[in-house]
K.L.:
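Supplied in structure tokens, the structure appears directly below.
Every number for a ligand or one of its atoms is a count from 1 in the order of the listing. One is the number of the first residue; the rest follow in order along the sequence. Everything numeric here is computed off the predicted structure, so don't read it as measured data.
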Amino acid sequence: MSSYMNLSGEQEERAMGIHRKAIVVDAHCDTIGSWMETPSMPTFGAPTRRAERRSLGKRSEEGAIDIPRMKEGGLGCQVFAVWTAPAFYDSPLKRAVQMIDAFYLEVEKNLDSITMCMNHEQIVEAVKKGKIAAILSIEGGEPVQGGPGVLRILYRLGVRVLSFTHFPRNLIADGSGELRSKSGLTDIGTQLVEEMNRIGMIIDVSHINEPGFWDIIEMTKSPVIATHSNCKALCDVHRNLSDEQIKALAEKGGVMGMNYYRGFVETDLNKANLDKLLDHIDHTVQLVGPDHIGLGSDFDGGGGLPGLKDVTEIPNITRGLVARGYSDEDIEKILGGNFLRVFKRVLK
Ligand SMILES: [Zn+2]
């Protein structure tokens with residue numbers, strides 16, 4: 001199979017043309033933690049060196065995301081996740097608020113390059129002005145266990161995407177890491193689905209266990225997304241989605257973001273690389289067509305592959321899709337058009 005590495009001159013020109021024209025969206029990164037005084041250590045994933053507290057505006061050799069590197073990689077819209085590490089479970093809402101504060105402080109220092117966005121219109125407007133569009137999400141519902149009232153306040157603070165769990169069980173649902181669980185959503189969880197549908201907030205089904213996933217699919221009136229999950233058929237781990245789940249997500253009009261974490265791309269970590277990630281895209285397209293795939297890097301939370309070590313290497317995805325014969329239109333959708341469609345439909 002032809003690879004992203006051996007494009008003809010003409011293919012290279014075409015790939016870069018598509019990449020420049022597209023609004024490239026990344027639905028998940030854990031970069032906020034690297035700006036914090038007390039960093040969130042990933043509990044799962046490749047060890048990330050955190051010798052130095054990084055910042056959004058300054059290019060670093062560590063981690064994967066900062067503004068100079070986002071510009072180099074042609075990234076248009078980044079969803080920044082607030083992930084409360086288990087070390088903060090005694091007071092997750094406090095930790096989440098501190099992370100949202102860190103996000104605001106970093107964005108405000110870099111307003112010439114990045115804008116916080118609440119909806120689709122603002123994203124398009126920011127990109128038109130040559131800025132990166134930033135969206136705030138919460139990964140793991142621990143800060144929202146107080147129910148819809150807490151959710152509404154976090155929405156007012158700018159949070160537009162929420163996944164109900166990380167790996168463990170909480171008061172909303174059970175994470176996919178609870179291997180013995182047979183439980184779906186709690187009452188708080190069902191209230192959150194209803195309220196998120198009502199106020200226009202996007203439900204993220206990455207990390208939730210299967211019974212919780214099916215409860216959400218049954219209840220939600222809006223499309224849902226999986227910000228950073230791959231195909232179980234190609235890499236059988238609990239964090240990936242089965243073909244049945246992918247079909248259900250697609251039927252709801254949703255999108256799944258391809259995750260660059262080695263262990264979710266290939267169970268044999270030594271074999272994980274960008275071409276293997278592209279196999280996940282091929283598989284999803286064969287299953288449900290090209291309208292339900294996006295990118296969800298998991299950068300700065302363990303994501304990164306040979307050929308895709310940081311955000312500067314995102315154009316390799318475009319090269320790979322060109323090498324595999326995808327049309328310009330489908331590549332644009334995969335790079336960001338599909339996620340933008342859901343943002344437009346759900347966010348107010
Ligand atoms: Zn995650």
K.L.:
Could you list all the ring-ring contact (aromatic ring centres under 6.0 Å, His included) pairs where at least one residue sits in residues 284-337, not counting sequence neighbours?
P.N.:
Y260-F299

K.L.:
What protein N/O/S atoms are found closer than 2.8 Å to the Zn ion (ligand 1)?
P.N.:
E139 OE2, H207 NE2, H228 NE2

K.L.:
When you look at R345 and S222, which way does the side chain to side chain donor-acceptor pair (under 3.5 Å) test go after all the steps?
P.N.:
CA-CA 8 Å; R345 169 118 179 249; S222 303; over 6 Å; no

K.L.:
Salt-bridge test for D275 and R324: reply yes if a basic N is under 4.0 Å from a carboxylate O, no otherwise.
P.N.:
yes

K.L.:
Test side chain to side chain donor-acceptor pair (under 3.5 Å) on S229 and S206 and set out the steps.
P.N.:
CA-CA 6 Å; S229 295; S206 281; 2.8 Å; yes

K.L.:
Among D204, D26, D298, N259, whose side-chain hydrogen bond (donor to acceptor under 3.5 Å, both in side chains) with T227 holds?
P.N.:
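Exactly one pass, corresponding to D204.
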
K.L.:
Assess the pair F88 and W83: is the distance between their ring centroids shorter than 6.0 Å?
P.N.:
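That pair fails the under 6.0 Å test.
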
